[in-house]
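Everything numeric in this text was worked out from a predicted model, so none of it was measured. Computed over heavy atoms, backbone and side chain alike; hydrogens, waters and symmetry mates excluded.
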Amino acid sequence: MDNKLKVGILGATGMVGQRFISLMENHPWFEVAELAASPRSAGKTYEEAVNGRWKMDTPMPEAVKKMIVKNVNDVEAVSANVDFVFSAVDMSKDEIKAIEEAYARTETPVVSNNSAHRWTPDVPMVVPELNPEHLEVIPFQKKRLGTTRGFVVVKPNCSIQSYTPALHALRQFGIKNVVATTYQAISGAGKTFKEWPEMVDNIIPFIGGEEEKSEQEPLRIWGHIENGVIVKAESPLITCQCIRVPVTNGHTAAVFVNFENKPSKEEMIQCWNEFRGLPQELELPSAPKQFIRYFEEENRPQAALDRMYENGMGICLGRLREDTLFDYKFVGLSHNTLRGAAGGAVLIAELLTAQKYITKK
């Protein structure tokens, strides 16, 4: 289709970059026009640059195999032929901030999977079903950057997708405090078992920086815009532990929660199963038809069985029951490289397109 938006993928050779490429194959609105990566990959065909490191279950799309990879630092050259870019670059936070803003200043919107801009006050961090109103801060960011169409939008950490949507759907009952332990797949570190053999038959009880993100990022999602910046919510109080487990894909969370006004179990399940957000109303291409699904079976959700629910874009919940210390406890599951990473960013781009933030150059 001639009217598809042209997309550039920054960090195209990494695991998330590969996932972006897979998701762009046959996308009804978007098509890959540029691939960019580190200087060592620049000048090679994409097939040569990846060189046996293709990590997706599906084959590398034919359309990208012979595309020449550009140097991600050649901002003008990469941005000249695209309407917007997805960012999954592997750099320091300061370098990521600088390069994403550099692309934005070429009037190229940036939809980022990186964490660098998640706390930049005028950069929206969005789960499209939860806080699409935060996109309204974009005009303030454009004013700071001196742009007319260029800006940066980010998606939150993959770990919070397994429980934050579940809590969001229950906010009417007044969430007081939350304890969450996440059991995170190795693909969250960009690894496979072949590359990380020490993860076989093992658990590592530490993921650098992950607990702070898991405790604070939901509060930013539940924040509000004030004087052109996003102010995070003051509550609820959230404490987390994040553990790496020998699972390929799918982050699981064990969650305990207290409420101001304790709902019944039936009310909670009804809220989850009936929850709809703007992506569902707009029928965006990547939006799950039913965002949250509750399983009645005692042994669900399971990563192997349920991570691909709604093409990996839905949230699975189960084991809701009353607790001795908290009001309730339950288990959540989300696909960390689909809903939690590239897929979540694609859904953001679809929402930005539907709301005319992203248009053809």
Backbone N/O of [Y] and side chain of [X]: donor-acceptor pair under 3.5 Å:
X: Ser187; Y: Gly190; answer: no
X: Asp327; Y: Asp323; answer: no
X: Gln18; Y: Arg53; answer: yes
X: His335; Y: Gly314; answer: no
X: Gln241; Y: Thr182; answer: no
X: Arg339; Y: Gly344; answer: no
X: Gln355; Y: Leu352; answer: no
X: Ser112; Y: Asn114; answer: yes
X: Arg118; Y: Lys213; answer: no
X: Tyr357; Y: Pro109; answer: no

### Task
Evaluate the side chain to side chain donor-acceptor pair (under 3.5 Å) criterion for residues Thr337 and Arg19: first the C-alpha distance (whole Å), next the side-chain angles of each, then the deciding distance (0.1 Å), finally the verdict.
CA-CA 7 Å; Thr337 69; Arg19 181 68 79 181; 3.0 Å; yes

Cationic N near anionic O, under 4.0 Å, [X] to [Y]:
X: Lys55; Y: Glu195; value: yes
X: Arg220; Y: Glu217; value: no
X: Glu34; Y: Lys70; value: yes
X: Glu322; Y: Lys262; value: yes
X: Lys361; Y: Glu107; value: no

Spacing of [X] atom [atom1] and [Y] atom [atom2] [to the nearest 0.5 Å]:
X: Tyr294; Y: Ile292; atom1: OH; atom2: CD1; value: 13.0 Å
X: Leu170; Y: Trp272; atom1: CG; atom2: CH2; value: 5.5 Å
X: Tyr163; Y: Ile238; atom1: OH; atom2: CD1; value: 6.0 Å
X: Thr13; Y: Lys44; atom1: OG1; atom2: NZ; value: 9.5 Å
X: Phe20; Y: Ser87; atom1: CZ; atom2: OG; value: 8.0 Å

Between the side chains of [X] and [Y], does any donor sit under 3.5 Å from an acceptor?
X: Ser92; Y: Glu95; value: yes
X: Asn336; Y: Gln184; value: no
X: Asn157; Y: Ser159; value: yes
X: Lys289; Y: Gln280; value: no

Greater than 12 external heavy atoms within 6.0 Å of [X]'s [atom1]:
X: Asn71; atom1: CG; value: yes
X: Arg319; atom1: CZ; value: no
X: Lys143; atom1: NZ; value: no
X: Glu297; atom1: CD; value: yes

### Message
Does Arg171 qualify as a cation-pi partner of Phe173, given the criterion of NZ or CZ under 6.0 Å from the six-membered ring centre and within 45 degrees of its axis?
### Response
no

### Query
With a cut-off of under 6.0 Å to the ring centre and 45° to the axis, is Lys6 in cation-pi contact with Phe84?
no

### Task
Let me see the working for Phe326 and Val178 under side-chain contact (heavy atoms from CB on, under 4.5 Å), right down to the final yes or no.
CA-CA 9 Å; Phe326 287 77; Val178 177; over 6 Å; no

### Task
Carefully, step by step, assess Thr239 and Phe256 under the rule side-chain contact (heavy atoms from CB on, under 4.5 Å).
CA-CA 10 Å; Thr239 183; Phe256 301 77; over 6 Å; no

### Message
For Glu350, give me all partners under salt bridge (charged side-chain N to carboxylate O under 4.0 Å, His left out), at least two apart in sequence or on another chain.
### Response
none

### Test side chain to side chain contact (heavy atoms under 4.5 Å, CB included) applied to Thr120 - qualifying residues, sequence neighbours left out
Lys97, His117, Asp122, Val123, Arg144

### Message
side chain to side chain donor-acceptor pair (under 3.5 Å), that's the test. Do His224 and Glu226 meet it? Break it down for me.
### Response
CA-CA 6 Å; His224 65 280; Glu226 186 177 312; 2.8 Å; yes

Show every donor-acceptor pair shorter than 3.5 Å between a side-chain atom in residues 197-207 and any protein atom, with sequence neighbours excluded, or say none if there are none.
from: Glu198; atom 1: OE2; to: Trp196; atom 2: NE1; distance (Å): 3.1
from: Asn202; atom 1: ND2; to: Glu198; atom 2: O; distance (Å): 3.1

